[in-house]
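Shown next, in structure tokens, is the structure this report addresses.
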Amino acid sequence: HVTAADTYATTMTLKGGKVGIGTTSPGDTLHLTGGQGYMKFGTSGSKGHVKSDYNLELYADDGGNNSATYQNIKFFTAGSNERMRIDSSGKVGIGTTSPDGSLHIAESGHQTLTLERTVNNTNYGSGIHFQLGDSASATAGHNYAAMYGAVEDNTNGAEDGYIAFHTSLAGTLDEKMRIKSDGKVGIGTTSPQSNLHISSGTSGDATVIIEADTDNNAEGDIPRLWFKADGGITEGAIQLSDNELDIISNSGTANGIRFLTGSTSNTGTTDPATNATERMKISPSGDITMTEDLDVAKHFSFDTQHVGG
């Protein structure tokens with residue numbers, strides 16, 4: 001029963017085919033106005049849906065009238081727990097409310113990001129490409145580098161994988177380094193046969209450079225290789241010390257420096273020492289033992305008075 005004395009508040013307005021809730025001047029098909037502007041889907045099923053027959057657009061501060069604090073799109077699950085946001089500058093934060101990059105993922109666990117490709121073929125992988133512009137366009141999107149995790153062996157329960165690193169050379173992206181499942185590293189080869197295998201391929205020299213003292217102001221900065229064995233003892237080294245090349249063996253009275261040669265054509269991963277014969281040895285005391293004749297083209301001097309045969 002309604003009487004003239006009754007008063008009413010307008011809660012919904014229909015105007016020009018537009019619906020306003022909390023406003024008498026709806027500006028869109030459905031216009032909600034309130035303290036927090038909530039729209040909630042109550043359902044007796046397990047899902048609530050937002051659907052569009054065309055592009056679905058979400059706006060935060062569509063008029064651009066507010067400060068950056070109020071221009072974020074936030075995603076919540078399990079109550080009021082924020083899981084992801086797109087901030088006012090377009091940065092995406094997952095697990096963080098202050099993304100400092102285009103994509104910023106924060107996670108207390110070790111598996112922060114998973115890239116999965118639904119294939120199981122050998123040498124198939126999933127990875128990351130690094131694209132930038134070129135001389136023709138800043139938005140050319142050329143792949144300058146890439147990194148893949150790939151299948152080496154897909155045997156169920158005994159899977160092996162490798163990591164491949166690619167770089168662009170003369171416009172072509174190609175693999176330059178690989179770390180195999182057994183930890184072997186190949187540079188210039190996809191089939192490393194030792195802990196570190198460097199190859200120049202079918203042409204060119206394979207050169208390893210060890211450099212120190214690039215500004216030439218500290219002769220004590222030494223480029224060197226150390227050789228460890230027998231429980232981590234540093235037993236030998238090759239180094240350049242004060243512009244002199246040192247070949248060092250220093251692990252006890254049973255050590256020395258040996259020189260071996262041979263004529264066997266060893267192939268594959270065969271140890272080069274196989275069938276090689278010791279021709280000369282320098283003992284820890286400095287004695288030199290030679291098993292063959294010594295041909296001297298230049299002067300040769302001795303510090304001792306006796307030369308034994």
Side-chain angles (χ1 to χ4, degrees), residues 1-119 125-134 136-144 146-147:
H1 178 69
V2 179
T3 68
D6 293 327
T7 58
Y8 302 93
T10 301
T11 57
M12 183 173 69
T13 299
L14 301 175
K15 187 176 182 179
K18 299 176 181 179
V19 178
I21 299 177
T23 177
T24 58
S25 302
D28 291 286
T29 305
L30 176 61
H31 188 163
L32 307 179
T33 299
Q36 293 293 333
Y38 283 116
M39 182 171 62
K40 184 173 182 178
F41 296 88
T43 174
S44 59
S46 59
K47 300 177 183 178
H49 299 274
V50 177
K51 295 184 178 182
S52 174
D53 289 336
Y54 297 94
N55 295 328
L56 180 62
E57 299 179 352
L58 300 177
Y59 290 83
D61 187 19
D62 62 332
N65 302 317
N66 297 311
S67 65
T69 304
Y70 302 102
Q71 294 176 331
N72 303 296
I73 298 177
K74 305 177 183 180
F75 299 83
F76 295 79
T77 65
S80 59
N81 297 297
E82 181 178 335
R83 307 302 188 187
M84 184 176 77
R85 76 165 51 191
I86 304 173
D87 73 7
S88 58
S89 64
K91 296 176 181 177
V92 178
I94 300 176
T96 175
T97 60
S98 303
D100 57 13
S102 296
L103 175 61
H104 184 163
I105 302 174
E107 168 63 55
S108 60
H110 66 277
Q111 191 169 347
T112 305
L113 178 65
T114 299
L115 303 177
E116 181 177 0
R117 182 181 177 187
T118 55
V119 296
S126 62
I128 301 174
H129 282 221
F130 302 91
Q131 294 185 344
L132 294 93
D134 58 21
S137 171
T139 59
H142 178 73
N143 289 311
Y144 282 89
M147 181 173 62

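Checked against side-chain contact (heavy atoms from CB on, under 4.5 Å), A138 has no partners two or more places apart in sequence or in another chain. Every residue two or more places apart in sequence or in another chain that forms a side-chain contact (heavy atoms from CB on, under 4.5 Å) with H49 is listed here: K47, K51. Residues passing the side-chain hydrogen bond (donor to acceptor under 3.5 Å, both in side chains) test with H129, sequence neighbours excluded: N143, Y148. Residues passing the side-chain contact (heavy atoms from CB on, under 4.5 Å) test with D62, sequence neighbours excluded: Y59. Judged as a side-chain hydrogen bond (donor to acceptor under 3.5 Å, both in side chains), and not counting sequence neighbours, E116 has no contacts. With sequence neighbours excluded, the residues satisfying side-chain hydrogen bond (donor to acceptor under 3.5 Å, both in side chains) with R83 are T77. Among residues two or more places apart in sequence or in another chain, the side-chain contact (heavy atoms from CB on, under 4.5 Å) test is passed with S80 by none. Taking the salt bridge (Lys or Arg N to Asp or Glu O under 4.0 Å) definition, one finds that E107 meets it with nothing, sequence neighbours left out. Contacts of T114 classified as side-chain hydrogen bond (donor to acceptor under 3.5 Å, both in side chains), with partners at least two apart in sequence or in another chain: Q111. Every residue meeting the ring-ring contact (aromatic ring centres under 6.0 Å, His included) condition with Y144, not counting sequence neighbours, appears here in chain and number order: H142.
Under the 4.5 Å side-chain criterion, counting only non-hydrogen atoms from C-beta, I21 is not in contact with T33. Using a 4.5 Å heavy-atom threshold, the side chains of V19 and H31 count as separate.
Between V92 and P99, the closest heavy-atom pair is O-CB, 3.6 Å. Across all non-hydrogen atoms, the minimal contact from A106 to G95 is CB-O, 3.5 Å. Pairing each heavy atom of S98 with each of H104, the nearest pair is O-ND1, 3.8 Å.
Annotation: salt bridge (Lys or Arg N to Asp or Glu O under 4.0 Å) contacts involving residues 84-101, sequence neighbours excluded, comprise E82-R85. Applying the side chain to side chain donor-acceptor pair (under 3.5 Å) test to pairs two or more places apart or on separate chains, none has a residue in residues 18-28.
One distance of note links CE of M84 with CZ of F76; it measures 11.5 Å at 0.5 Å rounding. Between the CG atom of L113 and the CD1 atom of I105 there is a distance of 4.5 Å, given to the nearest 0.5 Å.
For D134 (side chain) and S137 (main-chain N/O), a donor-acceptor pair under 3.5 Å exists by modelled atom type. D61 places a side-chain N or O within 3.5 Å of a backbone atom of N65 that can act as its donor or acceptor partner.
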I86 and N72: CA distance, side-chain angles, deciding distance, side chain to side chain contact (heavy atoms under 4.5 Å, CB included) verdict: CA-CA 6 Å; I86 304 173; N72 303 296; over 6 Å; no
